[in-house]
Amino acid sequence: MRTAYKVRVYPTAEQVAVLNRTFGCVRLVWNTVLAWRQARYRDESVRTSYAQTDRYLTELKRDGGHDFLYEVSSVPLQQALRHQHTAFVNFFAGRAKYPRFKSRHGRQSATYTRSAFRWRGGRLFLAKMDDPLEFVWSWPEVDPATINPTTVTVSRDSDGRWYVSLAVETATGPESLPATGGQVGIDLGVTHFAVLSTGEKIPNPRHLERKARNLARYQRRMARKQRGSNNRAKARAKVARAHTKVREARADFLHRTSTRLVRDHDLIVIEDLNIEGMVRNHCLARAISDCGWGEFRRQLEYKTQRYGRHLVMIDRWYPSSKTRSACGHLLAELSLSTRHWTCPDCGTRHDRDVNAAKNILAAGRAVYACGADVSPQGASLRWSAMKQEAQPVRAGIPVL
């Protein structure tokens, strides 16, 4: 099993200079090779392999104008080429967008493999550095001297904080949590972040909305500063720190919520939402993005796999809100503004979101009980029953 530990780092002034020089060289190699790839495809209509980019980097170092590339470790430069090759593979496979040029503003990173760092007794020594990097270890149950990192990624956020991610291969994963017998359906929303089939409504903390006023003030101050000045750099760092507070508060909320759900339930059912299409609505784009539904789903996926739980994703076209959870009556129309409705068949009054969560759970139970091979509606892909234990299941309404 592959896991990672991300720690806060406090480099010395000399180490900061080495790392900043490394970031600049990594960025230069990425941008230069990317421009060469584009020109080569435009002029010759051919794709570029990783071996060709490797030879191009060697020529770049020997051309006389890039001698400074020898001042940093060659491993992060090679890793930049590997990452770029992977980015193009994902792009051509339809899994990612086209690779972009790197900017000196924003997050900077460099990846070191085992040939460019030493891990001795829980201390990290990077290439081109004499002293170890000082970091803070946040896992008291894990002795840092016992781990054996395979790769190390050093990064600097836009707010000026430094981090190191240690990738570790472990022979065994964490133990599965004891069974609780609990099952829950989750209906995600904006007014409430999530409504559970049990009737519980998890409030939406609206992290960005609460900080929007301060962010706007910091951004106005930065806009008044002269470009390239030190005062503008200080103002930019203040804007970045404000965004970091929002990002970390959102991440903390999502981790707490997803962890609680995984601990308390053996089966979790959610909808396969088309978030990319939903954010095209300019009236709701910021509110939807602030919720972090995609990150919440990602956390549920890896946490359920890690701790022996089951996650089922039903089709996005399943009419969970318009279907009566008890009698099965299906409404022809239901506007978004209608938060409560009365079933014309049985006369029961329903909360829209709680009813949707109950329907989501019922559909997920059916899929979990009978396996895959339930025909989905819409553009969602069907997941094979052979892969249910390793991956979440997508399903929709059974075809009669």
Side-chain angles (χ1 to χ4, degrees), residues 2-31 68-69 71-80 82-83 100-140 142-145 147-168 211 215 218 222 230-252 255 295:
R2 187 177 178 86
T3 186
Y5 299 95
K6 186 175 181 179
V7 297
R8 181 81 181 271
V9 179
Y10 299 90
T12 64
E14 294 78 8
Q15 292 172 340
V16 167
V18 173
L19 291 174
N20 284 335
R21 191 180 305 116
T22 303
F23 292 157
C25 293
V26 168
R27 188 173 61 248
L28 172 70
V29 168
W30 175 284
N31 292 341
F68 54 87
L69 294 177
E71 299 177 6
V72 301
S73 173
S74 62
V75 173
L77 307 184
Q78 296 289 341
Q79 288 299 111
R82 291 188 176 93
H83 293 165
R100 298 180 298 178
F101 290 95
K102 293 185 179 294
S103 170
R104 67 175 60 190
H105 305 297
R107 182 177 180 274
Q108 307 292 318
S109 65
T111 302
Y112 296 78
T113 58
R114 282 176 173 170
S115 60
F117 74 89
R118 288 181 296 127
W119 184 262
R120 296 289 183 271
R123 306 182 74 187
L124 177 62
F125 297 83
L126 294 179
K128 305 292 184 178
M129 294 185 187
D130 298 327
D131 299 325
L133 277 173
E134 296 295 332
F135 60 85
V136 176
W137 190 255
S138 304
W139 295 269
V142 179
D143 184 4
I147 67 173
N148 184 23
T150 57
T151 59
V152 169
T153 301
V154 184
S155 61
R156 187 195 67 215
D157 281 354
S158 53
D159 60 355
R161 294 191 292 182
W162 295 80
Y163 296 93
V164 164
S165 294
L166 308 170
V168 180
K211 297 290 185 179
L215 279 170
Y218 295 151
M222 185 182 71
N230 290 333
N231 285 336
R232 187 177 178 88
K234 295 177 184 178
R236 183 187 297 111
K238 199 163 188 178
V239 172
R241 284 193 294 270
H243 278 289
T244 300
K245 289 182 179 180
V246 173
R247 182 175 65 252
E248 292 182 345
R250 183 187 299 116
D252 178 73
H255 274 293
E295 174 63 15

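If you're wondering where the values come from, they're calculated on a predicted model, not measured in any experiment.
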Say you draw a straight line from SG of Cys25 to CG of Asn20; how long is it, rounded to the nearest 0.5 Å?
11.0 Å

Can you check whether Leu19 reaches Leu126 side chain to side chain, under 4.5 Å on heavy atoms?
yes

Hey, what's the ring geometry for Trp162 with Phe23, parallel, tilted or perpendicular (30° and 60° as the breaks)?
parallel

Roughly how far apart are Tyr163 OH and Arg107 CZ, rounded to 0.5 Å?
10.0 Å

Is it true that a side-chain atom of Asp143 and a backbone atom of Ala145 form a donor plus acceptor pair closer than 3.5 Å?
yes

Spacing of CD belonging to Gln79 relative to OG1 belonging to Thr151, to within rounding of 0.5 Å
7.5 Å

For Trp30, which residues count as a ring-ring contact (aromatic ring centres under 6.0 Å, His included) partner, sequence neighbours excluded?
none

Nearest-0.5 Å distance that lies between atom CG in Leu133 and atom OG1 in Thr12
8.0 Å

Show the nearest heavy-atom pair for residues Val168 and Pro149, with the distance to one decimal.
CG2-CA, 4.2 Å

Check whether any side-chain N or O of Gln15 sits under 3.5 Å from a backbone N or O of Pro132 as a donor-acceptor pair, and report yes or no.
yes

Within a 6.0 Å radius of atom CZ on Arg100, are there more than 12 heavy atoms belonging to other residues, nucleotides or ligands?
no

Atom pair NZ/OG of Lys6 and Ser155 - distance to nearest 0.5 Å:
5.0 Å

Could you tell me whether a side-chain N or O of Arg232 sits under 3.5 Å from a main-chain N or O of Met222, the two making a donor and an acceptor?
yes

Begin from the C-alpha positions of Gln78 and Thr113 and carry the test side chain to side chain contact (heavy atoms under 4.5 Å, CB included) through to its verdict.
CA-CA 10 Å; Gln78 296 289 341; Thr113 58; over 6 Å; no

Taking the side chain from Gln108 and the backbone from Ser158, do they hold a donor-acceptor pair closer than 3.5 Å?
no

Salt bridge (Lys or Arg N to Asp or Glu O under 4.0 Å) pairs touching residues 126-135, sequence neighbours excluded, are none

Start with the C-alpha distance between Lys245 and Asp159, add both sets of side-chain angles, then the distance that settles side chain to side chain contact (heavy atoms under 4.5 Å, CB included), and finish with yes or no.
CA-CA 10 Å; Lys245 289 182 179 180; Asp159 60 355; over 6 Å; no

Taking side chain as C-beta onward, heavy atoms only, is Val75 less than 4.5 Å from Ser115?
yes

So, for Arg2 and Ala167, which heavy atoms are closest and what is the spacing to 0.1 Å?
NH2-CB, 3.3 Å

Listed once per pair and sorted, the ring-ring contact (aromatic ring centres under 6.0 Å, His included) pairs that draw on residues 105-129, sequence neighbours left out:
Trp119-Phe135

Are the side chain of Asn31 and the backbone N or O of Phe101 linked by a donor-acceptor pair below 3.5 Å?
no

Identify which one of Val154, Val152, Val7, Val9 satisfies the side chain to side chain contact (heavy atoms under 4.5 Å, CB included) criterion when paired with Leu124.
Val152

Show the nearest heavy-atom pair for residues Leu215 and Ala242, with the distance to one decimal.
CD2-CB, 3.4 Å

Give me the atom names and distance for the closest heavy-atom approach of Arg156 to Arg104.
NH2-O, 4.4 Å

Take Val26 and Val72 through the test side chain to side chain contact (heavy atoms under 4.5 Å, CB included) and record every step on the way to the result.
CA-CA 9 Å; Val26 168; Val72 301; over 6 Å; no

Straight-line distance of Arg247 CZ to Arg250 CZ, nearest 0.5 Å
9.0 Å

Of all heavy-atom pairs linking Ser138 and Pro140, the shortest is O-CD, 3.5 Å

